[in-house]
Amino acid sequence: MKLFLKRTGIIPDMCLNGNDALKMCKEKKYDLILLDHMMPDPDGIETLKLIRSDEASLNKETPAIVLTANAIAGSRQIYMDAGFSDYLTKPINSGLLEETVRNHLPKEKIISQDSTYKEDALASDAADAAAEGYGAHENEIRARMTAIEGLDYDMAISNAGDSEELLSVIVDEIANEYTDRISRMKGFIKDKDYKGYEIEAHALKGLMATIGVMGLSERARKHEKAAEERNAAFIEEDAESFLAEYEELCRRIG
């Protein structure tokens, strides 16, 4: 989300869980709030409920958008009933994100930006990535990704707003973080922390869908479901090869 929004000039305040979001909403008045339904401690729906009911909150009436992988019939009404102003389904399309955010920001906060601004922001992303030792420049991203069987490049570039520069940064971010994610997921399995494992599998499902790797995204969905159902047998039997497939993908795109 941060990378997608950078093209708009928006610099979001970030947090890792619902409790932190609640604290931030006591300290600062926001124009718009984005909440992931599957965020931890507590989830997005409960977090919004707490923000709305907290007398110390400065954001009791701030519009909120939920990010969700739940695209079944009736989902929109569920979120509207929970107090959200809108919802976006994963994988998030950067163009639709920009449009939705624009629709819910105060009109006086919106200024027309020309294409030069967006290209400057994307160039800044690419420079940041290069400075941190990430992978090849954007003109190599198509070759890297189309060489991977099962990766839908057209889906990936569409989700990145048809920008190879932005897609390159997203891919490099994903490749840069996989060792930490695998370590966390293995730790959750060892500790039988199924909720933690469920959240990581959910995040991985969305990331893989964003870059068009739908086979691995579907496999992550199965692990998310197994963790939700406390199906330890499936997780323990499949996790090693599942995480190995994820690692191999990240090595190839990185």
Side-chain angles (χ1 to χ4, degrees), residues 1-71 75-94 96-110 125 159 170 173-174 176-177 180-181 184-185 187-188 193-207 209-210 220 224 227-228:
M1 293 304 97
K2 185 175 182 180
L3 288 173
F4 283 169
L5 289 172
K6 187 169 184 178
R7 297 195 302 175
T8 70
I10 295 172
I11 303 174
D13 287 346
M14 310 287 288
C15 64
L16 294 175
N17 57 62
N19 286 326
D20 286 349
L22 188 61
K23 292 176 184 177
M24 291 165 62
C25 283
K26 293 179 179 179
E27 299 168 356
K28 184 176 180 179
K29 175 68 174 71
Y30 291 98
D31 295 310
L32 185 64
I33 298 171
L34 302 179
L35 294 172
D36 194 305
H37 184 173
M38 284 292 291
M39 66 191 294
D41 303 322
D43 69 20
I45 290 179
E46 182 62 22
T47 295
L48 183 62
K49 180 180 177 181
L50 291 171
I51 291 171
R52 298 291 194 234
S53 62
D54 183 3
E55 291 301 322
S57 174
L58 302 176
N59 294 273
K60 296 176 71 172
E61 298 181 0
T62 301
I65 298 171
V66 64
L67 314 176
T68 177
N70 186 2
S75 297
R76 182 179 184 83
Q77 192 57 49
I78 291 172
Y79 293 122
M80 298 304 102
D81 291 345
F84 288 96
S85 301
D86 214 331
Y87 87 125
L88 288 166
T89 56
K90 299 176 184 177
I92 302 297
N93 179 284
S94 64
L96 183 57
L97 172 67
E98 288 185 25
E99 179 183 348
T100 304
V101 167
R102 187 182 304 113
N103 288 340
H104 293 283
L105 282 175
K107 299 304 179 185
E108 66 273 14
K109 296 293 182 74
I110 300 173
D125 287 334
N159 288 337
I170 293 169
E173 289 278 3
I174 290 173
N176 190 56
E177 71 170 10
D180 288 341
R181 187 180 303 281
R184 289 195 301 271
M185 293 181 79
F188 288 141
D193 182 348
Y194 297 112
K195 188 60 180 177
Y197 189 83
E198 178 187 356
I199 290 171
E200 289 291 346
H202 175 82
L204 184 53
K205 175 184 69 176
L207 288 172
T210 297
E224 177 190 7
E228 180 186 0

If I take atom CG from residue Leu34 and atom NE2 from residue His104, how far apart are they, to the nearest 0.5 angstrom? 10.0 Å

Which atoms form the tightest heavy-atom contact between Phe84 and Ile65, and what is the distance? CD2-C, 3.8 Å

Between Ala201 and Glu224, what is the shortest heavy-atom contact and its length? CB-N, 3.7 Å

Glu198 side, atom CD; Lys195 side, atom NZ - distance, nearest 0.5 Å: 4.0 Å

What do you reckon, are the aromatic ring centroids of Tyr79 and His37 less than 6.0 Å apart? yes

Do any N or O atoms from the side chain of Asp41 and from the backbone of Asn19 form a donor-acceptor pair under 3.5 angstrom? no

Point-to-point distance, once rounded to the nearest 0.5 Å, from CD of Glu108 to CG of Leu105: 9.5 Å

Applying side chain to side chain contact (heavy atoms under 4.5 Å, CB included) to Cys25 and Ile33, what does each step give before you reach the verdict? CA-CA 9 Å; Cys25 283; Ile33 298 171; 3.9 Å; yes

Please round to the nearest 0.5 Å and tell me the distance separating atom CE of Met38 and atom CG of Leu67. 13.0 Å

Do you know which two heavy atoms are closest between Lys107 and Asn103, and how far apart they sit? NZ-O, 4.3 Å

Can you name the salt bridge (charged side-chain N to carboxylate O under 4.0 Å, His left out) partners of Lys28, sequence neighbours left out? Asp13

Residues two or more places apart in sequence or in another chain: which of them pass salt bridge (charged side-chain N to carboxylate O under 4.0 Å, His left out) with Arg184? Glu200

Is there a side chain to side chain contact (heavy atoms under 4.5 Å, CB included) between Lys109 and Leu32? Walk through the geometry before answering. CA-CA 11 Å; Lys109 296 293 182 74; Leu32 185 64; over 6 Å; no

Arg102 and Glu99 ion-paired at < 4.0 Å: no

Set out, in order, the CA-CA distance, both residues' side-chain angles and the distance that settles side chain to side chain contact (heavy atoms under 4.5 Å, CB included) for Thr47 and Leu22, then state yes or no. CA-CA 7 Å; Thr47 295; Leu22 188 61; 5.5 Å; no

Would you indicate whether the side-chain heavy atoms of Asp86 and Arg76 approach each other to under 4.5 Å? yes

Only residue of Asp36, Thr210, Thr68, Asn159 satisfying side chain to side chain donor-acceptor pair (under 3.5 Å) with Lys90 is Asp36

Pair Asp54, Ser57: side-chain N/O donor-acceptor within cut-off below 3.5 Å: no

Could you check if a side-chain atom of Lys29 sits within less than 4.5 angstrom of a side-chain atom of Asn59, using non-hydrogen atoms only? yes

Does Glu27 CD have over 12 foreign heavy atoms under 6.0 Å away? yes

Test side chain to side chain contact (heavy atoms under 4.5 Å, CB included) on Met1 and Met14; report intermediate values, then the result. CA-CA 10 Å; Met1 293 304 97; Met14 310 287 288; 5.7 Å; no

Looking only at non-hydrogen atoms, find the nearest pair between Ile10 and Val101 and report the distance. CD1-CG1, 3.7 Å

Can you give me the closest heavy-atom contact between Gly206 and Pro91, atom names plus distance? O-CB, 4.4 Å

Counting C-beta onward and ignoring hydrogens, is there a side-chain heavy-atom pair between Pro42 and Asn17 closer than 4.5 Å? no

Give me the atom names and distance for the closest heavy-atom approach of Ile51 to Lys60. O-CG, 3.7 Å

Looking at CD of Glu98 and CG of Asn93, how far apart are the two atoms once the value is rounded to the nearest 0.5 Å? 9.5 Å

